[in-house]
Amino acid sequence: MSLLENETNNKLTETGSNYIPKQPVYIECSIERTLDAIGGKWSFLVLRELFGGTKRFGVLQKKINGVSPKSLTETLRHLEEQGVLERTAYPTVPVTVEYTLTPKGHDLHQILKEMKLWSAKWT
């Protein structure tokens, strides 16, 4: 590893931010880690909607057929904890909450497009 790469990796480690991509030195089988980060059944549909831009909870619920408020809330919380999306609450009555993808979330777009193409071809 060059000195520049080492310094860059040290800076990334020091910040500890979810919004700074890591430069992997060793690549393990990370598919399982990716699936854990993305979450469960409804995550892909939430991501699909947020690729189109910021959405409110009610809009997400209307666009995702069959999702209960509880399941949607759990999915959104999980994706927020993983740094995939951001939640912004506005002090209105009732409170307005919007969800938007982080750079980490936007990086999933190409992966999901490829999965969609695979599905169209093989299923």
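Both Leu76 and Phe51 sit in one connected hydrophobic cluster of ILVMFWY residues. Membership requires side-chain heavy atoms under 4.5 Å apart, directly or through other members.
Using modelled atom types, one side-chain atom of Thr75 and one backbone atom of Ser71 make a donor-acceptor pair closer than 3.5 Å. Using a distance-only test at 3.5 Å, with no hydrogens or angles considered, a donor-acceptor pair links the side chain of Lys104 to the main chain of Gln82.
The salt bridge (charged side-chain N to carboxylate O under 4.0 Å, His left out) pairs that include a residue from residues 66-80 are Lys70-Glu74, where partners are two or more places apart or lie in different chains.
Take Glu81 and apply the salt bridge (charged side-chain N to carboxylate O under 4.0 Å, His left out) test, not counting sequence neighbours, and it matches no residue. With sequence neighbours excluded, no residue satisfies ring pair (Phe, Tyr, Trp, His ring centres under 6.0 Å) with His106.
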Solution key, residues 35-50 side-chain donor-acceptor pairs under 3.5 Å, sequence neighbours excluded:
from: Ser43; atom 1: OG; to: Ile38; atom 2: O; distance (Å): 2.7
from: Ser43; atom 1: OG; to: Gly40; atom 2: N; distance (Å): 3.4

Atom pairs and distances, donor-acceptor, side-chain atoms in residues 83-98, under 3.5 Å, two or more places apart:
from: Glu86; atom 1: OE2; to: Tyr19; atom 2: OH; distance (Å): 3.3
from: Tyr90; atom 1: OH; to: Glu98; atom 2: OE1; distance (Å): 3.3
from: Thr92; atom 1: OG1; to: Pro94; atom 2: O; distance (Å): 2.6
from: Thr92; atom 1: OG1; to: Thr96; atom 2: N; distance (Å): 3.1
from: Thr92; atom 1: OG1; to: Thr96; atom 2: OG1; distance (Å): 2.8

Side-chain donor-acceptor distances from residues 111-122 under 3.5 Å, at least two apart:
from: Glu114; atom 1: OE2; to: Gln110; atom 2: NE2; distance (Å): 3.1
from: Ser119; atom 1: OG; to: Thr123; atom 2: OG1; distance (Å): 3.0

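The shortest distance between side-chain heavy atoms of Thr73 and Phe57 falls below 4.5 Å.
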